[in-house]
**Q** 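Got a structure for you, written out below as structure tokens; questions coming shortly.
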Amino acid sequence: MSSSTSGAPVYAAPDLTLPATANFSIAAIVFVLFVLSALLGAERKDITQGFDEVAHTSYVAAIQHSGDAWPALQQMRLLDPRTFQFTDQANYLNHPPLYYALHAVLGPKLEGRPQALLAHRLIDIAIAAIGFAALLAIGLAARFPRYEFYAYAIPLACIPVLAPIAGSINNDNLAFLGGALATLGVWQCMSTGRRLWFALALVGMLAASWAKLTGLLLTGGMVSGAIAYLLWQRRLPWTWAAAALLVLLLAAAPYLVFIAQYGSPTPETPAQIALIKDGARVAGWADLPRRSFPVYLFYFVTAFVAEWMPTLAARNALNDAMLAIPAAALACAFAGIALSVHRLWRRTEGALDVVVLAGALAFAGTFAIHVVYSYGRYAATGWLMDAYPRYYLPLAGLVPLACLSLLAAIERPRWRGALLGFLVAGPIVFRLFGAPLG
């Protein structure tokens, strides 16, 4: 296998590149702030507020209680969030148990012990911190120039849900870690051609896939896109291809088991069906006329942008105006993806372009499945709460990298500086003013 993709990195300006130690210092500061934010959230967060933490915690407790590493979904019960004793209420989660089994082994017993929650949250912080470090490592390995590194790292640090989820018991953390490792592995594989990085990409894909189905779709799609590129370039040894096929089968194995058990990779347990139907009825959606698919698609995309910073309080006019920032960032990312397609067409692509295009294809495929699945559930029940961007955390680096692809094509200093300013300052402004205070 040849050592790298064709051409020099399209984003780099060698005369502006900082020494690796300088970028490392910036990355260390951002990393420490992320971990401190997650720790603060873990210490203060109410278990009943957001991200289904009661259900995730109950899943771990159920495995600890029964000793069964693959429990029957319909038999699990929820914990009382105050006493941590099991109730008669059924758990509605339908994820594979591997993440929860890991918690069950690593953490203290949860049943009847609310004080054990913090220890389990610390496990999740460690998982998310490794993933965050892996994403920062891409910028360090690429030796981005100073402002480009800011434009890459700061949007990652300002992802609104990332630190709060990191401080919670939630399988999104393992999916995030796996996706980050897969992204780093693909980047370095394209840059160096070393099989160690290809192996890391496969390990990351496996971790994300065993966490949740969207992890399989996103990381499996991205790694498959990178493999397709290597095949096209005739740079994929047969041993690598065989290893990738084996890992893909292992990644899909939990969902094949679910299909054998329940007839679906996303089992609709009685508890989950009841949750959706009761939630739609309480919200007043169940009896409303159903929207056509195009109207629903528009709603879904709008809600998807708004849920980039979820809030339980009503947004004011300023908060609504701030939604223009993530919308503009997505527009920049789409432009960057188009430019990466152009470079690939002209055979001038670099590692950045391959990662961006592989990630974009995975995102597009997963998003299409997400919308179609959600519309079917909406048509059946009226349920309108499926547009969650946090499901896409395994590809958290995609938008910043795609924006750098756009930046690489801008030569005029004034426009380049304006875009850099937006990419750096925009996430900070949105993080401060995107949701009501308190």
Side-chain angles (χ1 to χ4, degrees), residues 20-47 49-51 53 56-57 60 99 102-103 106-108 115-142 144 146 149-185 187 200 203-204 207-208 211 215 308-310 389-390 392-401 424 427-432 434-435:
T21 52
N23 274 359
F24 182 84
S25 298
I26 298 168
I29 293 171
V30 172
F31 177 79
V32 169
L33 290 175
F34 167 75
V35 173
L36 289 176
S37 179
L39 286 170
L40 184 63
E43 197 276 329
R44 294 184 174 183
K45 180 182 176 293
D46 182 342
I47 189 175
Q49 298 300 308
F51 310 126
E53 192 175 16
H56 290 289
T57 304
V60 176
Y99 159 82
L102 178 67
H103 259 281
L106 295 180
Q115 67 274 18
L117 178 64
L118 181 59
H120 282 270
R121 285 177 171 177
L122 292 177
I123 294 172
D124 270 271
I125 290 176
I127 291 171
I130 296 171
F132 193 72
L135 289 180
L136 291 175
I138 293 174
L140 296 175
F144 290 138
R146 178 176 55 177
F149 189 81
Y150 290 162
Y152 172 70
I154 290 177
L156 294 175
C158 290
I159 294 175
V161 298
L162 189 55
I165 289 178
S168 307
I169 300 176
N170 194 298
N171 63 342
D172 281 322
N173 288 310
L174 183 59
F176 168 70
L177 167 62
L181 293 178
T183 305
L184 174 61
W187 178 283
L200 181 65
V203 169
W308 185 240
M309 182 179 284
R390 63 184 172 92
Y392 295 81
L393 285 178
L395 293 185
L398 174 60
V399 171
L401 290 172
V424 173
I428 299 174
V429 173
F430 181 70
R431 192 69 183 88
L432 292 174

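Note: hydrogens, waters and symmetry copies are ignored here, and every other heavy atom, side chains too, is used.
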**Q** Looking only at heavy atoms, what is the nearest atom pair of A207 and G178, with distance?
**A** CB-CA, 4.0 Å
**Q** Is the closest side-chain heavy-atom distance between T183 and L398 below 4.5 Å?
**A** no
**Q** Taking the side chain as every heavy atom from C-beta outward, state whether V161 and D172 have any pair of such atoms under 4.5 Å apart.
**A** no
**Q** Parallel, tilted or perpendicular, judged at 30° and 60°: which one describes the rings of F144 and F149?
**A** tilted
**Q** For the pair H120 and H103, name the ring-plane relationship: parallel under 30°, tilted 30 to 60°, perpendicular over 60°.
**A** parallel
**Q** Closest heavy-atom contact between I127 and Y99?
**A** CD1-CE1, 4.5 Å
**Q** Tell me the closest heavy-atom pair linking S37 and A163, and the distance in Å.
**A** OG-CB, 3.5 Å
**Q** Please identify which of these residues, E53, R121, R390, meets the side chain to side chain contact (heavy atoms under 4.5 Å, CB included) condition with N170.
**A** R390
**Q** Measuring from F176:CZ to L395:CG, what's the distance to the nearest 0.5 Å?
**A** 11.0 Å
**Q** Under 3.5 Å, is there a donor-acceptor pair between the side chain of Y152 and the main chain of L135?
**A** yes
**Q** Say you draw a straight line from CG of L140 to CG of L184; how long is it, rounded to the nearest 0.5 Å?
**A** 10.0 Å
**Q** Kindly give the heavy-atom pair with the smallest separation between P400 and A151, and that separation in Å.
**A** CB-O, 4.3 Å
**Q** Just verifying a value: how many Å separate I169 CD1 and T57 OG1, rounded to the nearest 0.5 Å?
**A** 3.5 Å
**Q** L156 versus V30: any side-chain heavy-atom pair under 4.5 Å?
**A** no
**Q** Measure the CZ-CG distance between F24 and L136 for me, rounded to the nearest 0.5 Å.
**A** 10.0 Å
**Q** Check whether any side-chain heavy atom of L401 sits under 4.5 Å from a side-chain heavy atom of W187, and report yes or no.
**A** yes
**Q** Please report the shortest heavy-atom distance between V35 and A129, naming the atom on each side.
**A** CG2-CB, 4.1 Å
**Q** Can you check whether I125 reaches N173 side chain to side chain, under 4.5 Å on heavy atoms?
**A** no
**Q** What is the minimum heavy-atom distance between A166 and F34, and which atoms define it?
**A** CB-CZ, 4.0 Å
**Q** If I take atom NZ from residue K45 and atom CG from residue L118, how far apart are they, to the nearest 0.5 angstrom?
**A** 12.5 Å
**Q** How about S168 and D124: do any of their side-chain heavy atoms sit closer than 4.5 Å?
**A** no
